[in-house]
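This report concerns only the one structure given below.
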Amino acid sequence: CNFAYGQAIIKGINYDESKVPDFVLPDPLICNDGQQVTTADEWEKVRRPEILEIFMSKVYGRTPTDKIDVSYTLLACDPKAMDGKATCKQILFTFTNGKKTIDAILLLYIPNHVQGRVPVFVGYNFMGNQTTTLEPSIYYSPGLRFVHGKDSPVWTRGAQKNRWCYDKILERGYAVATMCYHDIYPDRAELRDYSVASLFPDYISGSKNHDEWEAIGVWAWGSSRIVDYLEREGRIDMSKIAIMGHSRQGKAALWSGAQDSRFKVVISNDSGCGGAALSKRVYGENIARITTVLSHWFCPAFSQYAGNEENLPFDQHEMLALIAPRHLYVASAEGDLWADPKGEYLSAYYTNKVYELYKMKGLDSPVPPAVHQPIMNDVGYHIRAGKHDVTDYDWERFMDFCDLHFK
Ligand code: GCU
């Protein structure tokens, strides 16, 4: 019965494949009124908006349509950064509603050895721009001060440089634009009033509206604001924008990609529960755990499915399908069972029906590939050895995938 199902899941995290419940995934091509979608046109006009509405009202909350004023100040420009390999710009974004302002800093590297416009990876970092490189001229990200005390590693330059192989990315002709996610929404429930959400006209502090947008929604909105800025950059090819997000930012990257068609390649790295992973498998992190420990990431309505995945009328493959006909890449790590690698793969696999409407090729088999056997179709996937992280191997595959679709 539902109760027993729910209790078992709330008490423990399941890592046993034989205990994954039997489930039937909703067909993304069946409309709310039961009609079957058979063309890309019907998908775009009828079913796609329905699915978007499901995720706005039940998972991430509703992204406001109001515009927030933003001004850009060039804080620094080094045309010979990284031994002359790159142009490095640091741009202060000041968001304001006239009464209050919030600052964020974008760090942008553009390769110097390529002429003209270049493709770009957009992605948030976790611990500040200054942790992505040892370069001493990089400003500390402003949002950090809300979240981290003076002993935190966020104040150490280069602390997360292993996640940002700028040398390799630039060498392959890609620009990279990163910002600290805390600048947009400092990642604590009690800090919502310091997030850009608080600048919107209908903002209610502490609101528990069932479809209130929360951190993932706000981070997704912020990624789109980075693209707005890039539109002003003469060196960026706006038809070749990839978004890459790791873990909680993988969830946000998928949600950005679902809503903003300027992202032509959408990459989820180890995004897990509430990201690429299918919730109905209830393997690794589950809805009960994520909506209690990290309740400020999702709209309040999502918690009604805590321990109740059996009755979830949708699943994450439908959110991933919103990215079609743009390109989707999902990456997992073998040692990251918390994020349910198999569930991440299956979710990408079950977008197939939607990609087929566009005569595009998704993932062929419901059986995930072996470690280090990437699949590069219109939808791509890899699982690598190792733990929850972003490694050079991941970046190299992301660039292979982008090369395939951009070049
Ligand atoms: C926690 C959380 C995950 C999330 C991860 C991260 O482990 O439970 O859902 O993906 O943090 O963002 O690193």
Side-chain angles (χ1 to χ4, degrees), residues 9-10 12-15 55 59-61 123-128 131-132 141 143-144 147-148 152-154 159-160 162-164 178-189 191 195 214-220 222-223 243-257 266-299 302-303 305-307 309 315-316 319-320 330-345 347-348 383-384 386-391 394:
I9 301 309
I10 290 167
I13 296 292
N14 178 42
Y15 289 120
F55 282 88
V59 185
Y60 307 111
Y124 286 115
N125 60 72
F126 278 61
M127 287 167 51
T131 61
T132 67
S141 293
L144 295 169
V147 190
H148 294 288
S152 163
V154 302
Q160 290 211 318
N162 291 352
R163 288 187 173 180
W164 298 91
T178 186
M179 181 181 276
C180 179
Y181 80 128
H182 294 304
D183 290 0
I184 298 297
Y185 190 131
D187 191 5
R188 293 236 188 100
L191 295 176
S195 77
E214 268 296 351
I216 291 177
V218 184
W219 293 322
S223 299
I243 182 167
M244 192 294 283
H246 168 64
S247 205
R248 67 199 70 181
Q249 290 313 324
K251 308 178 209 296
L254 290 164
W255 184 227
S256 301
V266 180
I267 303 166
S268 145
N269 192 68
D270 304 353
S271 63
C273 183
L278 291 176
S279 299
K280 283 181 178 289
R281 279 176 44 79
V282 207
Y283 185 103
E285 187 174 27
N286 57 43
I287 298 178
R289 199 274 180 188
I290 206 165
T291 57
T292 44
V293 178
L294 298 158
S295 61
H296 66 292
W297 289 1
F298 300 92
C299 69
F302 194 39
S303 53
Y305 302 109
E309 284 86 347
D315 212 327
Q316 295 302 114
M319 196 264 285
L320 270 53
V330 173
S332 307
E334 194 185 23
D336 186 16
L337 298 183
W338 182 242
D340 186 15
K342 185 170 177 187
E344 293 180 315
Y345 175 82
S347 191
I383 178 165
R384 64 156 167 79
K387 62 181 177 55
H388 187 71
D389 203 354
V390 193
T391 66
D394 295 317

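Counting starts at 1 for both ligands and their atoms, following the listed order.
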Salt bridge (charged side-chain N to carboxylate O under 4.0 Å, His left out) with Arg248: which residues, sequence neighbours excluded? Asp187
Using the side-chain contact (heavy atoms from CB on, under 4.5 Å) rule, take Glu334 and Arg384 through it: C-alpha gap first, then chi angles, then the decisive distance, then the call. CA-CA 6 Å; Glu334 194 185 23; Arg384 64 156 167 79; over 6 Å; no
By ring pair (Phe, Tyr, Trp, His ring centres under 6.0 Å) - contacts of His182 (at least two apart): His148
Pairing residues for Tyr305 by the ring pair (Phe, Tyr, Trp, His ring centres under 6.0 Å) criterion, not counting sequence neighbours: Phe314
Anything under 30° is parallel, anything over 60° is perpendicular, the rest tilted; go ahead and classify Tyr15 against Tyr283. perpendicular
Parallel, tilted or perpendicular: which describes the rings of Trp219 and Trp297, with under 30° parallel and over 60° perpendicular? perpendicular
Which atom pairs, nitrogen or oxygen on both sides, join ligand 1 and the protein at under 3.5 angstrom?
{"from": "ligand 1", "atom 1": "7 (O)", "to": "Trp338", "atom 2": "NE1", "distance (Å)": "3.1"}
{"from": "ligand 1", "atom 1": "8 (O)", "to": "Glu285", "atom 2": "OE1", "distance (Å)": "3.1"}
{"from": "ligand 1", "atom 1": "8 (O)", "to": "Glu285", "atom 2": "OE2", "distance (Å)": "2.6"}
{"from": "ligand 1", "atom 1": "8 (O)", "to": "Arg289", "atom 2": "NH1", "distance (Å)": "3.3"}
{"from": "ligand 1", "atom 1": "8 (O)", "to": "Trp338", "atom 2": "NE1", "distance (Å)": "3.0"}
{"from": "ligand 1", "atom 1": "9 (O)", "to": "Lys251", "atom 2": "NZ", "distance (Å)": "2.8"}
{"from": "ligand 1", "atom 1": "9 (O)", "to": "Glu285", "atom 2": "OE1", "distance (Å)": "2.5"}
{"from": "ligand 1", "atom 1": "9 (O)", "to": "Glu285", "atom 2": "OE2", "distance (Å)": "3.4"}
{"from": "ligand 1", "atom 1": "10 (O)", "to": "Ser247", "atom 2": "OG", "distance (Å)": "2.6"}
{"from": "ligand 1", "atom 1": "10 (O)", "to": "Arg248", "atom 2": "N", "distance (Å)": "3.4"}
{"from": "ligand 1", "atom 1": "10 (O)", "to": "Lys251", "atom 2": "NZ", "distance (Å)": "3.2"}
{"from": "ligand 1", "atom 1": "11 (O)", "to": "Arg248", "atom 2": "NH2", "distance (Å)": "3.1"}
{"from": "ligand 1", "atom 1": "12 (O)", "to": "Ser247", "atom 2": "OG", "distance (Å)": "2.7"}
{"from": "ligand 1", "atom 1": "12 (O)", "to": "Arg248", "atom 2": "N", "distance (Å)": "2.9"}
{"from": "ligand 1", "atom 1": "12 (O)", "to": "Arg248", "atom 2": "NE", "distance (Å)": "2.6"}
{"from": "ligand 1", "atom 1": "12 (O)", "to": "Arg248", "atom 2": "NH2", "distance (Å)": "3.3"}
{"from": "ligand 1", "atom 1": "13 (O)", "to": "Ser247", "atom 2": "OG", "distance (Å)": "2.7"}
{"from": "ligand 1", "atom 1": "13 (O)", "to": "His388", "atom 2": "NE2", "distance (Å)": "3.2"}

